[in-house]
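If you're wondering where the values come from, they're calculated on a predicted model, not measured in any experiment. We count residues from 1, following the sequence as given.
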Amino acid sequence: MAQTLSSTKVIFLLVILLLACSVGFQNLPNNIYPNMLDLLFGFNALDVQKTFEALGETGRTQYIYSSLILDTAFPILYALLFISILLKLNERRVFVLGLPILAGIFDLGENISISLMMSSYSFSEISASQIFFSSVLNQCKWSLCLCSVIFIFFKLITNSLKKEV
C-alpha cells in the first residue's frame, strides 16, 4: 500500500485532482470563494457575520453544499498527497505521517461546523462558542498543514544532504 501511495503516478494524480478542486472553489457561484471562512487562519464573530451577510440565503446554501461536497474531497486529497510525498521521501514515523491525517480530520470538522453556522436563519442564532469552536478547528487544520509541509521540506533537505555525503 505504501509503495503504491508513494508512486510518482499517484502523486501526480493527487496534484491534478487538488488543482481541479481549487479551480472548482474559485468558480463557485454567488461570490462564495472570496468569502470562505476556511481560507482564513482563525476567524471571529465579525468575520462570520460579514460572510453570512455577503452570501445571503442562496449563497449560504451553496456554501453548505460546496463545503460538504467539494470541500470534503479536498482534505482527503491533500492529506493523501502529503502522506504520499512523505512516503516517497522514506518517512516512516507514524507521528509524522499522522499529521496530514489529523489536518484532514480537523478540516472536515471545520466544514461541518461552518455548514451548521451557515444553515442558521439569522446571524444572531450563531453562538459565540460555535464561532470559537469553528475557528479553533480552522487554526488546527492550518497549523497541521504547515507542520506537514515543514516536515516535507525537512525530509527533502536531509535526504539531499545524505546523498552528498
Side-chain angles (χ1 to χ4, degrees), residues 1 5 10-11 13-15 17-87 91 93-153:
M1 177 69 169
L5 197 56
V10 169
I11 292 171
L13 176 64
L14 289 169
V15 169
L17 292 172
L18 275 168
L19 289 172
C21 277
S22 296
V23 169
F25 281 125
Q26 292 171 20
N27 289 297
L28 288 171
N30 291 317
N31 218 18
I32 293 172
Y33 182 73
N35 289 294
M36 289 181 79
L37 295 168
D38 314 58
L39 300 176
L40 303 172
F41 181 78
F43 45 83
N44 58 33
L46 184 59
D47 297 319
V48 174
Q49 185 176 17
K50 284 180 185 175
T51 295
F52 197 88
E53 292 170 357
L55 295 179
E57 188 176 339
T58 303
R60 289 193 309 271
T61 300
Q62 291 169 335
Y63 189 173
I64 293 166
Y65 285 122
S66 69
S67 187
L68 296 177
I69 298 169
L70 188 60
D71 206 10
T72 295
F74 197 74
I76 293 168
L77 292 172
Y78 74 67
L80 285 172
L81 178 63
F82 288 159
I83 292 167
S84 296
I85 293 169
L86 286 164
L87 288 171
E91 179 59 61
R93 292 175 289 183
V94 174
F95 165 76
V96 175
L97 295 170
L99 292 175
I101 295 169
L102 284 174
I105 290 168
F106 279 110
D107 197 342
L108 293 171
E110 173 198 30
N111 295 342
I112 293 167
S113 185
I114 289 172
S115 294
L116 289 171
M117 288 192 298
M118 292 299 123
S119 67
S120 299
Y121 290 109
S122 68
F123 172 75
S124 61
E125 291 180 6
I126 304 170
S127 69
S129 59
Q130 192 175 7
I131 294 169
F132 175 77
F133 181 69
S134 297
S135 181
V136 168
L137 289 170
N138 167 279
Q139 291 173 35
C140 289
K141 166 195 77 174
W142 283 115
S143 297
L144 289 164
C145 283
L146 178 61
C147 287
S148 297
V149 171
I150 289 170
F151 271 105
I152 288 168
F153 280 120

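- The salt bridge (Lys or Arg N to Asp or Glu O under 4.0 Å) analysis of residues 119-147, with sequence neighbours excluded, yields the pairs E110-K141.
- The two residues F82 and S148 make their nearest non-hydrogen contact at CD1-CB, 3.7 Å.
- For Y33, there are no side chain to side chain donor-acceptor pair (under 3.5 Å) partners two or more places apart in sequence or in a different chain.
- Evaluation of the side chain to side chain donor-acceptor pair (under 3.5 Å) rule for S66 yields no partner, not counting sequence neighbours.
- Formation of a donor-acceptor pair under 3.5 Å by the E91 side chain with backbone atoms of R93 is found in this model.
- Within the model, atoms CZ of F74 and OG of S22 stand 4.5 Å from one another, a figure rounded to the nearest 0.5 Å.
- Separating the CD1 atom in I152 from the CD1 atom in I83 is a distance of 10.0 Å, to the nearest 0.5 Å.
- At a threshold of 4.5 Å between non-hydrogen side-chain atoms, the residues S84 and L14 count as touching.
- Contact annotation: the side chain of P100 approaches that of L86 to within less than 4.5 Å [non-hydrogen atoms, C-beta and beyond].
- Here CG of L55 is found 5.0 Å from CG of N35. Values are rounded to the nearest 0.5 Å.
- T61 and E57 form no side-chain donor-acceptor contact under 3.5 Å, judged by distance and modelled atom types alone.
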For residues 38-45, which side-chain donor-acceptor pairs fall under 3.5 Å, sequence neighbours excluded?
unit_1 : atom_1 : unit_2 : atom_2 : d
D38    : OD1    : Y63    : OH     : 2.6
N44    : OD1    : L46    : N      : 3.0
N44    : OD1    : D47    : N      : 2.9

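- If you take CG on L144 and CG on L102, they are separated by 6.0 Å, rounding to the nearest 0.5 Å.
- Within the 4.5 Å cutoff, the side chain of L81 has no heavy atoms near those of the L17 side chain.
- Minimum interatomic distance between A103 and Y78 (heavy atoms only, all atoms of both residues): O-OH, 3.3 Å.
- To the nearest 0.5 Å, atom CD1 of residue I64 and atom CD1 of residue I112 are 12.5 Å apart.
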Donor-acceptor pairs are to be reported for all side-chain atoms of residues 113-121 against protein atoms at under 3.5 Å, with residues two or more places apart or in another chain.
unit_1 : atom_1 : unit_2 : atom_2 : d
S113   : OG     : S134   : OG     : 2.2
S115   : OG     : N111   : O      : 2.8
S119   : OG     : S115   : O      : 3.4
S119   : OG     : L116   : O      : 2.7
S120   : OG     : M117   : O      : 3.1

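- Other residues, nucleotides and ligands contribute only 12 or fewer heavy atoms inside 6.0 Å of the CZ atom of F132.
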Identify every side-chain donor-acceptor pair in residues 24-32 under 3.5 Å, counting partners at least two apart or on other chains, and give the distances.
unit_1 : atom_1 : unit_2 : atom_2 : d
N27    : ND2    : V23    : O      : 2.8
N30    : ND2    : Q62    : OE1    : 2.2

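- Annotation: side chain of N138 is not in contact with side chain of L37 (no heavy-atom distance under 4.5 Å).
- To the nearest 0.5 Å, the span separating CD on Q49 from CD1 on I126 amounts to 9.0 Å.
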